[in-house]
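My questions will all concern the structure given below.
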Amino acid sequence: MGGAGVLLLLLLAGLGVGEAWRPPKGKCPLSCSCSKDSALCEGSVDLPEILSPTLLSLTRITQLKAGSFLRVPSLHLLLFTSNSFSVIEDDAFAGLSHLQYLFIEDNEIGSISKNALRGLRSLTHLDLRGNPFQCDCRALWLLQWIPTVNASVGTGACAGPAALAHMQLRHVDPKTFKCRAIELSWFQTVGESALGVEAFSYQEEPYIVLAQPFAGRCLILAWDYSLQRFRQEEELSAPSVVSCKPLALGPRLFVLAARLWGGSQLWARPSPDLRLAPLQVLAPRRLLRPNDAELLWLDGQPCFVVADASKAGSTTLLCRDGPGFYPRQSLHAWHRDTDVEALELDGRPHLLLASASQRPVLFHWFGGRFERRTDIPEAEDVYATRHFQAGGDVFLCLTRYIGDSMVMRWDGSMFRLLQKLPSRGAHVFQPLLIAKDQLAILGSDFAFSQVFHLEPDKGLLEPLQELGPPAIVAPRAFAHITMAGRRFLFAACFKGPTQIYQHHELDLSA
């Protein structure tokens, strides 16, 4: 039966070869040539129903579909040789629970579907030699399965990719394969532009708050479980707002609304059954032109720090005292601060202030107040900073509107340059940990915003995808939230609506 295009199927059923079946006279299919103990069929895709399950051979098979052998459950031995099919589909051998010997030699098979061998409980010998396997993610399951199966396996060699060509399958290390990918796809649009977006949890329910200066409000969004999308929960009147910073303390909820004009305010909700209401005006003589706000804890006490970008104002630390929040310290007066970032280094609270007049300055908490520790060298014209932790290290993303944005790493005494990324027109370079993926999004006013993924092996950010469509217009902040087991990314845009994207994990070995 040898030669190109020959498929030999030895079906050893309960009768045995010595009791071979004879096709009834005139019943041999036109596509087959029958003898007393075999049938040779050319170009047949399915097993002919009128043939006996004792002994059968087929030639010129071009595909092997799911359930091809359901009519011959007592099969013990199956041999494929020199056929033209390139893929074996899922459940191709379904029903063959007694199959012991499976030979798939010298075909054109480049991949075997992940569940193709499902149900072969009695298999003792598998031979895959002579097939042009592509040793990529499609073969990952096979490489992981071979060492665990209680059968003798002849594997053959890889035909590709080029780096693995001619390598025996049994020598390929499946740990070197990267077969998990992630994707951010559009989910929903929220009307009105926004300068800031924050995620928070209140009464064990997640929420999002948007700072919408042109609409003059802090907009709180909640998840609609019936419609499976985000809906408006509550809005706070806040003309010219630049930042809405939430803080949940048990049943109480606070929202700081930092405003360019008219004074910054603190809103409060004493209990879940009440709505948010104005509580106090915050440091009217110090916060003249706030540009950013952050939340931090100092000595077990919640505090806000607000960066002020005016010449006459000053960045101010506001800590809880009784029912409200009051100034505790002024920092960095006259420097027109554009951004503040709260972080922990060496087990102590730190603040990093970026300004229009000098390099970012690092302050540390010492003796009940923040003291200047150092500045960041080679970091002129930095608009904003954000930090993240990975592998025990602290990293810093520095945003520059002109020139290259930068990634730095803390070495115990200083942030040192690690990586530069072109960033024309950037106002935000924000790291986000979504599930187990450390991402960083570099926004742009003139081009597509870029999503980067931290590669643990290299310790560097690698390009992942452009964010969109739809394209986001002049992004200013990003935040992520998990709702009903689904992960979402919010992109607050200054010149367009807020866009929401969903985070998907893709299994490339499937």
Side-chain angles (χ1 to χ4, degrees), residues 1-12 31-33 38-48 51 53 55-72 75-96 99-120 122-146 149 151-162 164-172 174 509-510:
M1 297 289 178
V6 174
L7 168 63
L8 178 59
L9 294 168
L10 295 180
L11 305 177
L12 303 180
S31 60
C32 301
S33 174
S38 67
L40 179 62
C41 302
E42 297 186 359
S44 177
V45 175
D46 299 310
L47 292 178
L51 294 180
L55 188 59
L56 175 66
S57 59
L58 301 173
T59 70
R60 299 179 186 174
I61 300 302
T62 58
Q63 59 180 318
L64 198 57
K65 300 188 300 183
S68 294
F69 304 97
L70 288 175
R71 291 189 299 274
V72 285
L75 182 65
H76 285 258
L77 187 150
L78 182 56
L79 174 63
F80 298 90
T81 304
S82 302
N83 285 275
S84 60
F85 52 83
S86 59
V87 176
I88 299 179
E89 296 183 5
D90 283 343
D91 296 312
F93 306 108
L96 298 181
L99 187 69
Q100 293 179 303
Y101 299 92
L102 177 59
F103 299 88
I104 310 175
E105 296 179 303
D106 299 319
N107 298 283
E108 297 180 9
I109 299 171
S111 66
I112 301 177
S113 297
K114 194 171 186 177
N115 296 311
L117 304 180
R118 182 161 51 190
L120 297 180
S122 303
L123 191 66
T124 60
H125 192 91
L126 174 65
D127 201 323
L128 301 173
R129 288 190 290 262
N131 295 289
F133 281 107
Q134 292 298 313
C135 295
D136 52 21
C137 288
R138 292 169 293 178
L140 177 61
W141 76 268
L142 182 61
L143 298 174
Q144 295 172 330
W145 176 81
I146 288 174
V149 68
S152 172
V153 181
T155 57
C158 302
L164 299 177
H166 309 300
M167 181 180 290
Q168 292 292 313
L169 263 68
R170 64 178 178 272
H171 294 155
V172 177
S509 68

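When a residue number appears, it is its place in the shown sequence, counting from 1. Computed from a predicted structure; not experimentally measured.
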Quick one: does Trp145's side chain have a donor or acceptor within less than 3.5 Å of a partner on Lys114's backbone?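 Answer holds: no.
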
Taking only residues two or more places apart in sequence, or in another chain, which ones meet Phe103 in a ring pair (Phe, Tyr, Trp, His ring centres under 6.0 Å)?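 Expected list: His125.
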
Given 3.5 Å as the limit, does a donor-acceptor pair link the side chain of Asn131 with the main chain of Asn107, or not?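 Yes.
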
Using the rule given for side-chain contact (heavy atoms from CB on, under 4.5 Å), can you reason through Trp141 versus Asn115, listing the C-alpha separation, both sets of side-chain angles and the distance that settles it, and then say yes or no? CA-CA 9 Å; Trp141 76 268; Asn115 296 311; over 6 Å; no

Treating Ser111 as the side-chain partner and Val87 as the backbone partner, does any N or O pair qualify as donor plus acceptor under 3.5 Å?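 Here the side-chain-to-backbone pair does not exist.
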
Determine, step by step, whether Cys158 and Leu169 satisfy the side-chain contact (heavy atoms from CB on, under 4.5 Å) criterion, reporting the C-alpha distance in whole Å, the side-chain angles of both residues, the deciding distance to 0.1 Å, and the verdict. CA-CA 6 Å; Cys158 302; Leu169 263 68; 3.9 Å; yes

Taking all non-hydrogen atoms of both residues into account, name the closest pair between Gln144 and Pro174 and its distance.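 In terms of heavy atoms, the two residues are closest at CG-CB, 4.0 Å.
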
Within the 4.5 Å heavy-atom criterion, are Leu99 and Phe69 side-chain neighbours or not?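 The answer is no, as the side chains (C-beta and beyond) never meet within the 4.5 Å cut-off.
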
Measuring only between side-chain heavy atoms, which start at C-beta, is Val149 closer than 4.5 Å to Leu117?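 Side chain of Val149 against side chain of Leu117, heavy atoms only: no contact under 4.5 Å found.
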
Backbone N or O of Ala66 within a donor-acceptor pair of the Asp91 side chain at under 3.5 Å?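 Absent.
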
For residues Cys135 and Pro161, report the shortest heavy-atom separation together with the two atoms involved.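 Looking at all heavy atoms of both residues, the closest pair is O-CD, 3.4 Å.
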
Drop me the distance from Leu142's CG to Phe133's CZ, to the nearest 0.5 angstrom.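 The CZ atom of Phe133 is 6.0 Å from CG of Leu142, to the nearest 0.5 Å.
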
For a quick test of reading the model, state the closest non-hydrogen atom pair linking Ile104 to Ile88 and the distance between them.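 In terms of heavy atoms, the two residues are closest at CD1-CD1, 3.9 Å.
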
